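Model, not experiment: these values are computed from the prediction. We name chains A, B, ... by the order of the sequence lines, and we start the count at 1 in each one.
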2 protein chains.
Amino acid sequence: MYQRPRPNVEDEAEDKEQRESQAPPTRPENTNLSSAKTAAKPAPGDQGVIEVQGVYIISVAARILDMHPQTLRKYEKLGLINPGRTIGMLRLYSIEDIKKVQLIRYLSDELGLNLAGVEFALAAFDNMTAIKQRMDSRLEGIPAAQQAVHEEMDLLFESLNLPHDH
Amino acid sequence: MYQRPRPNVEDEAEDKEQRESQAPPTRPENTNLSSAKTAAKPAPGDQGVIEVQGVYIISVAARILDMHPQTLRKYEKLGLINPGRTIGMLRLYSIEDIKKVQLIRYLSDELGLNLAGVEFALAAFDNMTAIKQRMDSRLEGIPAAQQAVHEEMDLLFESLNLPHDH
DNA sequence: AAAGTCTGATACGTGTTGTGTCAAGGCATG
DNA sequence: CATGCCTTGACACAACACGTATCAGACTTT
């Protein structure tokens, strides 16, 4: 019933990367817990290179979202989200991950989409965002055209009934 | 579970029209069967104004599509399709209606979307098509910009895994 | 008049979805 | 090292969605 994820418009560029999950997660090179578990403010000695702003393990993320941890694991298995990992393979949910789950819940609960539909919609958003940027850079020297494209693409996003962000 | 249809980007323009079904169908002014039922080629005396190319009653449409008539009625009740009517309120399926049902079936069977997802996808296609045209007309004097927008929007359509047409 | 369609309702089998639980093992921390 | 939370994988269950099917009573078409 479930299909492989749709071809992404960004594919021609980066190709060596993680292909929006679907492949089993791999152990990261360097991360450990002990600064996560609750909102991990950057350690005083940090050089600000990694810049972790808020990272939660699954139990905390589930409590924040008021969802079952198994649901989050299921979403990840289906490729809908892609949280980071500690060296010990613990899932680490960033603010963006949390927001994405909230978007998924909106699409599912409010619009009535099933998970295949959510996958489709997320891919559509990503592709629309990418295309918008591509058009923007292709119209570099023509500010009037950039303006028109911006306005119309924003209209398009609004027409898809999104809550606010993304 | 089901929401009202999303706001359409074309709304600001035509507003008196049929709002993509959802309202109960009304009796048309002038149509009768007798040239439909099988592919109705235009009668010899036709002035070519109406230009009916192929119109089928529900039983024939269901046979063509290899689907149950109840399924077609259900799609219409949900606002996914909007076939014409005879004066006697018999449904008349045009070639475009048939194609739309085939698209619905593709989205449902192949991509696994439920009907809410199909509604979302169809609305997305319509809005994308409308936005593309609006951008095109706004970029009238700038062929280079029109070219870029056309190419990128076509890319976007491709990325949504459509079969071919639409 | 016969055949087919209309609307509206009800029903049923199958599949999806969120949630829940279990087992066996690994990591973090006191 | 013991405790607690995490990991993966599997299985289960209630509620719901969907396509199909059927019925009744009225209307349309030929």
Nucleotide dG15(C), atom P - distance to CG of L111(B) in whole Å: 19 Å
Go through dT7(D), dA17(D), dT29(D) for me and flag the one nearest to the R85(A) side chain. dT7(D)
Between CG of D109(A) and P of dA17(D) the distance, given in whole Å, is 12 Å
What is the distance, to the nearest angstrom, from the CZ atom on R63(B) to the C1' atom on dT20(D)? 18 Å
Nearest to the L90(B) side chain among dA17(D), dC6(C), dT7(D), which nucleotide is it? dC6(C)
Salt bridge (charged side-chain N to carboxylate O under 4.0 Å, His left out) with D154(B): which residues, sequence neighbours excluded? K132(B)
In a table with atom names and distances, give each donor-acceptor pair under 3.5 Å that connects a side chain of residues 61-69 of chain A to protein atoms at least two apart or in another chain.
from: H68(A); atom 1: ND1; to: Q70(A); atom 2: N; distance (Å): 3.1

Is there a side-chain polar atom (N or O) of T86(A) under 4.0 Å from OP1 or OP2 of dC27(C)? no
May I have the distance from I81(B) (atom CD1) to dG19(D) (atom P), rounded to whole angstrom? 11 Å
Working note: E76(B) + R85(B), criterion salt bridge (Lys or Arg N to Asp or Glu O under 4.0 Å); need CA distance, chi angles, decisive distance, verdict. CA-CA 12 Å; E76(B) 182 179 359; R85(B) 298 279 186 156; 2.9 Å; yes
When the distance from CD1 of I58(A) to P of dC6(D) is rounded to whole Å, what number comes out? 7 Å
Please report, rounded to the nearest Å, how far the C1' atom of dT5(C) is from the CD atom of E76(B). 13 Å
Are S94(A) and D97(A) close enough, and set up right, to give a side-chain hydrogen bond (donor to acceptor under 3.5 Å, both in side chains), and what steps lead you there? CA-CA 5 Å; S94(A) 69; D97(A) 292 325; 3.2 Å; yes
Rounding to an integer number of Å, can you tell me how far Y93(B) OH sits from dC6(C) C1'? 12 Å
Quick test of your reading of the model: are R105(A) and E110(A) salt-bridged, counting only N-O distances below 4.0 Å? no
Nearest-Å distance, CZ (R105(A)) to P (dT19(C))? 9 Å
Closest nucleotide among dG19(D), dT7(D), dG4(C) to the I57(B) side chain: dG4(C)
Note: contacts of residues 64-75 of chain A with DNA chain D (heavy atom, under 4.0 Å) are Q70(A), R73(A)
Counting N and O atoms only, with roles assigned by atom type, does the side chain of T129(A) sit under 3.5 Å from a partner on the main chain of F125(A), one being a donor and the other an acceptor? yes
Between the side chain of N114(A) and the main-chain N/O of G112(B), is any donor-acceptor distance below 3.5 Å? yes
